[in-house]
Amino acid sequence: MLKVSNLNVYYHRVIQALKGVSFEIPDGKIISLLGSNGAGKSTALNAISNILSFQNGEITEGKIEFNGNSTFGKSADKLVKSGMAYVREGRKIFSDLTVNENLVAASYALEKSAKKNDYEQVYDLFKPLYSRRKEVAGYLSGGEQQMLAFGRALLGNPKLLLMDEPSLGLAPVMVGEIFKIISKINKNLNTTILLVEQNANLAFKFSDYIYIMESGKIVIEGKVDKLRKDSDVQEFYLGVGNDSYKSYRDIKHYKRRKRWLS
Amino acid sequence: MFDPIFLIENSITGLFSGGIYALIGLGVVFIFRATKVFNFAHGAVIMIGAYFYLTFSEILISFGSPNWLVFLISLPATFVSSALLGMIIEKFLMRPMMGQHPFPLIMITIGLISVLEGLSAMIWTPAAQYPKPLFPLDIDFIGSLAINRQMLFSFIVAIIIFLIISIIFVRSKSGVAIRATATDQSTAALMGINVSGVFSISWIIACVTGSLAGILLSPINSLTPSLGIVGLSVISVVILGGLDSIIGVLIAAFIIGWVESMASHFLGGQYKEIVPYVIVLLIIIFKPHGLMGTHQIDRL
Ligand SMILES: Nc1ncnc2c1ncn2[C@@H]1O[C@H](COP(=O)(O)OP(=O)(O)O)[C@@H](O)[C@H]1O
Ligand SMILES: [Mg+2]
């Protein structure tokens with residue numbers, strides 16, 4: 001579905017946010033990018049979806065293939081139309097448009113023009129949105145905004161769904177709901193999902209394969225079951241360990257050791 | 001000095017120019033909303049549009065075409081040429097700098113004024129010309145009140161076009177795309193909206209409505225390469241309206257049109273152009289977001 005190889009990304013030509021990142025997302029799976037703030041997770045998604053140009057960012061090296069085709073030179077709206085959807089960090093709903101207008105905006109992702117049916121599917125999945133469809137979206141609660149952001153992405157029937165920290169700022173009940181829907185979409189519609197999370201427990205619970213990022217690099221990767229057993233991962237990411245004074249930075253030591261051993 | 005009839009006539013004249021200001025201001029607001037660029041060259045675009053109309057209509061007149069044919073061909077031809085002008089400006093001057101701070105783009109629009117004025121002086125000479133008016137120059141009397149029919153019709157046309165464009169903006173799917181892009185360009189792109197297409201459309205709408213304003217204004221004011229000066233009154237209209245608000249521009253256009261007219265009535269014509277700037281100064285000091293503007297706008 002998606003293949004990212006040796007990606008280097010700079011902002012403003014001087015700040016290097018990604019340093020040779022490679023990962024792969026097979027069809028139908030849920031893959032997670034895990035890492036702390038500033039690791040470069042959002043940058044990776046922005047690079048994949050080709051919206052870096054809006055942020056004065058630039059890919060200087062590497063390759064991104066979506067369904068076997070390079071994404072370079074394709075504008076973000078074309079990629080979306082070819083089946084890639086992206087729910088951004090902080091949801092980024094159009095707060096001065098109504099709920100329904102947000103969906104109308106999203107219907108540009110459909111090749112044909114949207115039918116009533118397309119909107120109804122979204123409202124069926126997210127019932128609370130229907131009763132508020134004529135309201136300005138800025139007045140929705142955080143959870144409803146996440147539903148709207150999610151609904152907008154699903155309207156275009158994506159094959160690949162990129163999600164950036166969907167749990168951020170939501171009440172635990174809401175987080176549970178959202179993740180239930182994520183796995184439902186993955187199973188029922190066979191949508192491939194690239195999930196970015198800071199919440200390791202969620203990522204471990206819902207994904208098939210995990211990449212862990214630190215300062216613009218991938219430091220650990222592996223199947224969920226295997227990583228769960230890894231003592232360093234347990235310690236640093238799952239909060240199982242008892243040396244709580246250790247920081248994420250110590251993962252570098254882990255990486256060095258891993259190289260040394262292999 | 002204080003003649004009620006004269007005062008009413010002047011008020012009406014002021015409201016009539018307000019209608020044209022609204023049409024002109026609409027173009028500035030469209031470009032500002034979509035691209036966050038304040039187009040200082042909008043007055044120059046209006047001037048070029050008027051020269052397009054002059055050229056097409058003179059050619060047709062020289063072939064001895066009847067009036068209806070002159071209008072039937074030269075109006076669409078003017079709109080198409082102005083649309084092309086908008087596309088060219090957007091594509092070659094604005095788009096290469098997309099994603100960066102709008103300030104350099106604003107400077108480009110200021111430079112564009114000289115370029116367009118220079119070009120028009122070269123092509124059409126600086127001499128004043130009078131394009132064929134769309135409406136007769138008659139004066140009607142309602143009681144003892146004199147109404148300039150040309151200004152009345154121009155006002156009606158300007159307001160109708162203003163309303164049509166505003167309704168499209170609020171109601172249609174393309175309107176949603178333009179507003180979504182105005183709020184957040186990269187997220188709009190992620191909805192599948194062609195953001196450069198939206199920029200292009202905004203420039204086209206601005207240039208076409210601007211050329212219509214030029215066609216309406218130039219037979220009244222005379223056409224010279226400095227017709228674009230009206231753009232300056234419209235700066236005050238747009239700032240008073242709040243930069244990104246269509247309703248704001250409509251209200252502000254009438255206020256500025258009326259105040260200008262009152263200023264020339266009570267203070268004399270030479271003060272007419274100063275008054276709007278005094279108003280703008282007061283707005284910037286006391287109400288920096290204009291009447292209806294969005295609050296998070298990054299001011300110049
Ligand atoms: N628009 C931007 N301009 C400059 N630097 C940025 C920009 N966006 C992100 N960065 C920098 O790139 C790095 C990675 O950021 P980001 O991808 O947002 O991390 P994450 O999503 O993992 O928290 C950070 O150091 C951040 O400061
Ligand atoms: Mg992030």
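The chains referred to below are lettered A, B, ... by the order of the sequence lines, with proteins before strands, and numbering in each begins at 1. Both backbone and side-chain heavy atoms feed into the values below; hydrogens, waters and symmetry mates do not. These figures come from a predicted structure and were not determined experimentally.
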For atom [atom1] of [X], is the number of surrounding heavy atoms from other residues, nucleotides or ligands below 6.0 Å larger than 12?
X	atom1	answer
A:Met174	CE	yes
A:Lys3	NZ	no
B:Leu119	CG	yes
A:Tyr139	OH	no
A:Lys19	NZ	yes
B:Ile201	CD1	no

Greatest number of non-hydrogen atom pairs under 4.5 angstrom with chain A, of B:Ala189, B:Ala188, B:Gly175, falls to B:Ala189

One option among B:Thr183, B:Thr187, B:Val195 has the most heavy-atom pairs under 4.5 Å with chain A, and it is B:Thr187

Residue selection (most heavy-atom pairs with chain B, distance under 4.5 Å) from [options]:
options	result
A:Ser75, A:Ala76, A:Ala85, A:Ala106	A:Ala106
A:Arg152, A:Lys81, A:Lys78	A:Arg152
A:Gly57, A:Ala109, A:Ala153	A:Ala109

Any side-chain heavy atom of [X] within less than 4.5 Å of one from [Y]?
X	Y	value
B:Met191	A:Ser107	no
A:Asp77	B:Ile193	no
B:Leu190	A:Met84	no
A:Phe94	B:Val176	no

Non-hydrogen atoms of chain A under 4.5 Å away: do they reach the side chain of B:Ser186, the backbone, both or neither?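 B:Ser186 touches chain A through backbone and side-chain heavy atoms alike.
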
Exercise for the section: Tell me, for B:Ala182 versus chain A, whether the close heavy atoms (under 4.5 Å) come from the side chain, the backbone, both or neither. Expected result: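 Neither part; nothing is under 4.5 Å.
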
The reported gap from CG in A:Asp96 to CZ in B:Arg179 (rounded to nearest 0.5 angstrom) is 7.5 Å

The reported gap from CD in B:Gln185 to CD in A:Gln55 (rounded to nearest 0.5 angstrom) is 11.0 Å

- Query: A:Tyr108 and B:Asn194: side-chain contact (heavy atoms from CB on, under 4.5 Å), yes or no, with the steps?
  - Reply: CA-CA 9 Å; A:Tyr108 276 88; B:Asn194 178 349; over 6 Å; no

So, the part of A:Lys92 with a heavy atom under 4.5 Å from chain B: the answer is both

